[in-house]
Amino acid sequence: MPSWSFPWLASLALAASVASAASIPAQNVSSAAVAPDAFAKSKFDFIIVGGGTSGLVLARRLTENPKITVGILEAGEYRPGDDLIEVPTGGDAVANSTASTIGNPDYDWMFKSTPQAHLNGSVISYPRGKVVGGSTALNSMIWQRPSKAEYDNIGTVFGNPGWSFDNLSGYFEKIENWHAPTVLFPGQLVTNALTSEHGTGGPISVSYDTLLTDVDSPAIRAANAINVPTNSNPDGGNETYLTMTSRSVNPTTGRRSWASNGYFTPIIGRPNLKLVTGVLVTKIDFVKKQGKIVATGVQYTANGHTYTATAGKEVILAAGSLKTPQLLELSGVGNKSLLKSLGIPVVLDLPTIGENLQDHPVALSDFQVDSNLLTLDRLNNNATYAQEQLALYNANASGIFTYTPAVVGSLPLQTAVNQSVFNSMLATLEKAIASESTTPLQKVQYKALINMAQGGQLGWFELTIVPSGGLLSTPQPGSAYITSVVIQLHEFSRGSVHINTTDPTASPLINPNFLSLQWDVDVLAHGLQWVRKWTHTSPLGNLVEANVTPPDSVSSDAQWENYVRSTVQTTNHPIGTTAMTTQELGGVVNPRLKVYGLDNVRIVDAGVIPMTLGVAIQGTVYAIAEKAADLVKQDWNI
Ligand SMILES: Cc1cc2nc3c(=O)[nH]c(=O)nc-3n(C[C@H](O)[C@H](O)[C@H](O)COP(=O)(O)OP(=O)(O)OC[C@H]3O[C@@H](n4cnc5c(N)ncnc54)[C@H](O)[C@@H]3O)c2cc1C
Ligand SMILES: *[C@@H]1O[C@H](CO)[C@@H](O)[C@H](O)[C@H]1NC(C)=O
Ligand SMILES: *[C@@H]1O[C@H](CO)[C@@H](O)[C@H](O)[C@H]1NC(C)=O
Ligand SMILES: *[C@@H]1O[C@H](CO)[C@@H](O)[C@H](O)[C@H]1NC(C)=O
Ligand SMILES: *[C@@H]1O[C@H](CO)[C@@H](O)[C@H](O)[C@H]1NC(C)=O
Ligand SMILES: *[C@@H]1O[C@H](CO)[C@@H](O)[C@H](O)[C@H]1NC(C)=O
Ligand SMILES: *[C@@H]1O[C@H](CO)[C@@H](O)[C@H](O)[C@H]1NC(C)=O
Ligand SMILES: *[C@@H]1O[C@H](CO)[C@@H](O)[C@H](O)[C@H]1NC(C)=O
Ligand SMILES: *[C@@H]1O[C@H](CO)[C@@H](O)[C@H](O)[C@H]1NC(C)=O
Ligand SMILES: *[C@@H]1O[C@H](CO)[C@@H](O)[C@H](O)[C@H]1NC(C)=O
Ligand SMILES: *[C@@H]1O[C@H](CO)[C@@H](O)[C@H](O)[C@H]1NC(C)=O
């Protein structure tokens, strides 16, 4: 039997014992791809660093104009049709290997955090896609839009005209090839509003599960019983409460829809687009011209050689929120004292690069359920069932291999705490913030976050039910489980990502600084306690047989706090490290995504998002890149 290592399980990096990579046949390189030396000889209008989520969106949109030439540089390889990437559940089984994408150097940068001061010194895994398609190759495929107030904040709180919910929703529609749900949860409706809010002609297929496990609907009914309603339309500006989530899966093929097969493969033949894979971009080249700092191109390495590619118009950085700051710092753009300490000549002192790192910390708990129920554990427990499902998947792309966790939603903090607990958490928070030296950016963020929390309408912790064991504890043969995921959506802690060496092959120092404020611990601890209540509420409660992790003995606030501090991980949504906001607030890019102080460098990736959003972020990253392409076209009149 292959070992079933479900992508989202591994993505949480808790059951992180991924077997060493089985040999995967190298895929043929696309016709757009050129060798490193040939790429260096081309002269491009635009160079895009990183062929990931946002890089491929930009490449597609900018090359719509045949007069414009674009070159993309990507460290990973082009892997079209790879089962490990594209099969939603158990891709390793379909590929008949014991490999996984996460924790595998052929797909993943495999970063680690620095030792975390508030997690008893532990180190957290930070998977990041290293493949054409970037992190959309690795992600859990959950497809969401944030609530209106959260997008509107980007425009109003951070001084970015043109960045409201209404401004971005058109871009969501442009991305999507949406398919209405065919299977519904109790209380769920397919409304005209839901249908009209979605696009149907875009490159990314968005669909819903066509098959549910035996725990999904009972989980919804149990939540409904404790005043958490079903939300039939999470995408129109109010994503609070539980829903059957949409996901980036093509319902016809039953495969992942991601930046590579959605945005890139269909346009491979464009003569004005070139891609070079397997190269590491190490430096942006600058010249000073009439008092301006102008990027002329980039340097990159492959097989021990260094090459230079030139850009006539712009260099666009789309290397992701953890790698774009590194490249800027290696190029002399960043905190002057840091750069000087490493002997890097300072091109531009922009000390907020790499600061303001925010993410969604996550804590899990698992429960044993009646072993007769259909959960994903059956794939491990019953070989006949697994073979049957494999045959079904291969025959017509249906069955359990197309499943992704269906129960998803964000609850206001007030769902889990009463007013007096809320007030005391807030008092502790305000005292802690007042005693810290906070940046101007933190001051406006904290004010906005406190308003949002007090409003009690927006999601503060997000829940997902993974109908499977094996994420936290080792499953017993023949048993069935659910694992509940509690994601903190609006942390107050702030981290950073910086280089500590001039070696471009080294990982940057990633410090999410999780749980540095008591509030952040309390949100997760109360969320977990709410989950325990939920899982013991009928009808879900009738199916749950035991608390496994943590066991019954964890019950006091102090014990939950200890549990949170010893198990918290990342949901892999790092943002904010090159924030889009005003210069007064320490912005790195302006509302047109141009780096302050540089003439022709833009950043288009998750790093520009100035503050946390209450959802998973891939849809937003695609939308930012779609909007960015329009901004570039406007600025160059192309
Ligand atoms: C494990 C995991 C699970 C997730 N789950 C979800 C989910 O379920 N739903 C959701 O909405 N979001 C999810 N996300 C988040 C979402 O996928 C990412 O936020 C988004 O894809 C990031 O896009 P990006 O363009 O910023 O960076 P990326 O897509 O990571 O692209 C960056 C690209 O740049 C390349 N690169 C970097 N540095 C260099 C260099 N120096 N030289 C050459 N190339 C370079 C990288 O190899 C990569 O291909 C998840 C992310 C991960 C990692
Ligand atoms: C790769 O290309 C070769 C030669 O063009 C071809 O024979 C082969 O079938 C291709 N393989 C795949 C996986 O596309
Ligand atoms: C997987 O590979 C093994 C040996 O490599 C083989 O015996 C088995 O039949 C294969 N299974 C499937 C489902 O292809
Ligand atoms: C903290 O880490 C130390 C060393 O790894 C370990 O001995 C100790 O038990 C941990 N404490 C908690 C509360 O997890
Ligand atoms: C988007 O923002 C711009 C600039 O603020 C505004 O003029 C435009 O009307 C907005 N578009 C939509 C669809 O809201
Ligand atoms: C979102 O909808 C819920 C009901 O599903 C409602 O209670 C809440 O007030 C709404 N939030 C906003 C911001 O309108
Ligand atoms: C810049 O780096 C120095 C030295 O590492 C540090 O003391 C300072 O706080 C940094 N500035 C910012 C804005 O982060
Ligand atoms: C295993 O699965 C097969 C096919 O679904 C089913 O017929 C059989 O009863 C199952 N066996 C057990 C022990 O549940
Ligand atoms: C797939 O095949 C199975 C078995 O033949 C059938 O029951 C099912 O309806 C088919 N599903 C689709 C989506 O065609
Ligand atoms: C609020 O919740 C706390 C913790 O559960 C409890 O101790 C307290 O009695 C509750 N207060 C009110 C007014 O219900
Ligand atoms: C950079 O930090 C890493 C991790 O802390 C460490 O292993 C490495 O030695 C440091 N490199 C330098 C040049 O300081």
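Numbering of residues begins at 1 and proceeds along the displayed sequence. In listed order, ligands and their atoms are each counted from 1.
- Between Arg255 and Asn261, the side chains place no donor N or O within less than 3.5 Å of an acceptor N or O (distance only, hydrogens not considered).
- Note: Glu462 CD to Ile487 CD1 = 4.5 Å, rounded to the nearest 0.5 Å.
- Contacts between His573 and ligand 1, counted as non-hydrogen atom pairs separated by less than 4.0 Å, involve the side chain only.
- For Trp109, the closest heavy-atom approach to ligand 1 falls below 4.0 Å.
- Within ligand 1, the atoms closer than 4.0 Å to a non-hydrogen atom of Gly320 are 26 (O), 27 (O), 32 (C), numbered from 1 in the order shown.
- Among Asn238, Thr240, Thr230, the residue whose heavy atom sits closest to atom 6 (C) of ligand 6 is Asn238.
- Of the N or O atoms in Gly619, none lie within a sub-3.5 Å distance of an N or O in ligand 1.
- Not a single heavy atom of Thr620 sits under 4.0 Å from any atom of ligand 1.
- Some N or O of Ala606 is nearer than 3.5 Å to an N or O of ligand 1, by distance alone.
- Ring to ring, Tyr393 and Tyr403 are not that close: their centroids are 6.0 angstrom or more apart.
- In the model, Ser507 has no side-chain atom that pairs as donor or acceptor with a side-chain atom of Lys112 under 3.5 Å.
- At a 3.5 angstrom cut-off on N or O pairs, Tyr241 does not count as close to ligand 6.
- Residue contacts with ligand 1: Ala75 is placed with a nitrogen or oxygen under 3.5 Å of a nitrogen or oxygen of the ligand (distance criterion only).
- Close approach of ligand 1 to Val279 is summarised as follows: ligand atoms under 4.0 Å from at least one heavy atom of the residue are 42 (N), 43 (C).
- For the residue pair Asp605 / Thr53, no side-chain donor-acceptor distance below 3.5 Å is found, with atom types taken as modelled.
- Nearest heavy atom pair, residue Gly76 against residue Thr277, reads O-CB, 3.2 Å.
- Residue Gln618 touches ligand 1 through backbone and side chain together, judged by heavy-atom distances below 4.0 Å.
- Taking a cut-off of under 4.0 Å to the non-hydrogen atoms of Lys323, the atoms of ligand 1 that pass are 37 (C), 38 (N).
- The atoms of ligand 1 that sit less than 4.0 Å from any heavy atom of Gly129 are 46 (C), 47 (O), 48 (C), 49 (O).
- The OG1 atom of Thr101 lies 14.0 Å from the NZ atom of Lys130; values are rounded to the nearest 0.5 Å.
- To the nearest 0.5 Å, the span separating CG on Leu613 from CD on Gln144 amounts to 10.5 Å.
- Annotation: Lys130 places no N or O atom under 3.5 Å from an N or O atom of ligand 1; distance criterion only.
- Other residues, nucleotides and ligands place no more than 12 heavy atoms under 6.0 Å from the CG atom of Asn303.
- Between the side chains of Tyr208 and Trp143, not a single donor N or O lies within less than 3.5 Å of an accepting N or O.
- Using a 4.0 Å heavy-atom cutoff, Val131 is listed among the residues neighbouring ligand 1.
- Considering backbone and side-chain atoms together, Gly55 places no N or O closer than 3.5 Å to any N or O of ligand 1.
- Between Leu138 and ligand 1, a contact under 3.5 Å exists for no N or O pair.
- Judged purely by distance below 3.5 Å, without hydrogens or angles, the side chains of Glu329 and His498 pair a donor atom with an acceptor atom.
- Here the straight-line distance linking atom CD1 of Ile72 with atom CD1 of Ile47 works out to 11.5 Å at 0.5 Å rounding.
- The nearest heavy-atom contact from the protein to atom 13 (C) of ligand 6 is Gln457 CB, 3.9 Å.
- At the top of the distance list for atom 9 (O) of ligand 9, counting protein heavy atoms only, stands Asn396 ND2, 4.8 Å.
- For atom 11 (N) of ligand 9, the nearest protein heavy atom is under 4.0 Å away.
- One finds the CD1 atom of Ile609 at 10.0 Å from the NE2 atom of His573 (value rounded to the nearest 0.5 Å).
- Within the listing of ligand 1, atoms 1 (C) sit less than 4.0 angstrom from a heavy atom of Ile102.
- A salt bridge links Glu626 with Arg61: the distance from a Lys NZ or Arg NE/NH1/NH2 to an Asp or Glu carboxylate oxygen falls below 4.0 Å.
- Distances between N or O atoms of Glu74 and those of ligand 1 include at least one value under 3.5 Å.
- Inclusion of Asp605 in the set of residues having an N or O under 3.5 Å from an N or O of ligand 1 is not warranted.
- For ligand 1, the polar-atom distance check against Val49 finds no nitrogen or oxygen pair separated by under 3.5 Å.
- Between the side chains of Glu239 and Asn231, no donor-acceptor pair is found at a separation under 3.5 Å.
- Ring centroid separation for the pair Trp258 and Tyr622 does not come in under the 6.0 Å cut-off.
- Using modelled atom types, one finds a donor on one side chain and an acceptor on the other under 3.5 Å when comparing Asp503 with Thr505.
- Residue contacts with ligand 1, taken as heavy atom pairs separated by less than 4.0 Å, involve Ala318 solely via the backbone atoms N, CA, C and O.
- Residue contacts with ligand 9 include Ser398, since one or more of its heavy atoms lies under 4.0 Å from the ligand.
- Below 3.5 Å of separation, one finds no N or O of Arg128 facing any N or O of ligand 1.
- In this structure, Leu327 has no heavy atom closer than 4.0 Å to ligand 1.
- Note that the CG atom of Leu374 and the CD1 atom of Ile400 stand 4.5 Å from one another [nearest 0.5 Å].
- A donor-acceptor contact closer than 3.5 angstrom is absent between the side chains of Gln188 and Thr243.
- Remark: among candidates Ser248, Ser135, Pro504, Gly134, the nearest residue to atom 30 (O) of ligand 1 is Ser135, based on non-hydrogen atoms.
- Heavy atoms of Val621 found under 4.0 angstrom from ligand 1 belong exclusively to the side chain.
- Using a 4.0 Å cut-off to heavy atoms of Leu392, the atoms of ligand 9 that qualify are 2 (O), 3 (C), 4 (C).
- Neither the backbone nor the side chain of Val132 comes within contact range of ligand 1; no heavy atom lies under 4.0 Å.
- Close contacts of ligand 1 with Pro127, meaning ligand atoms under 4.0 Å from a residue heavy atom, involve 53 (C).
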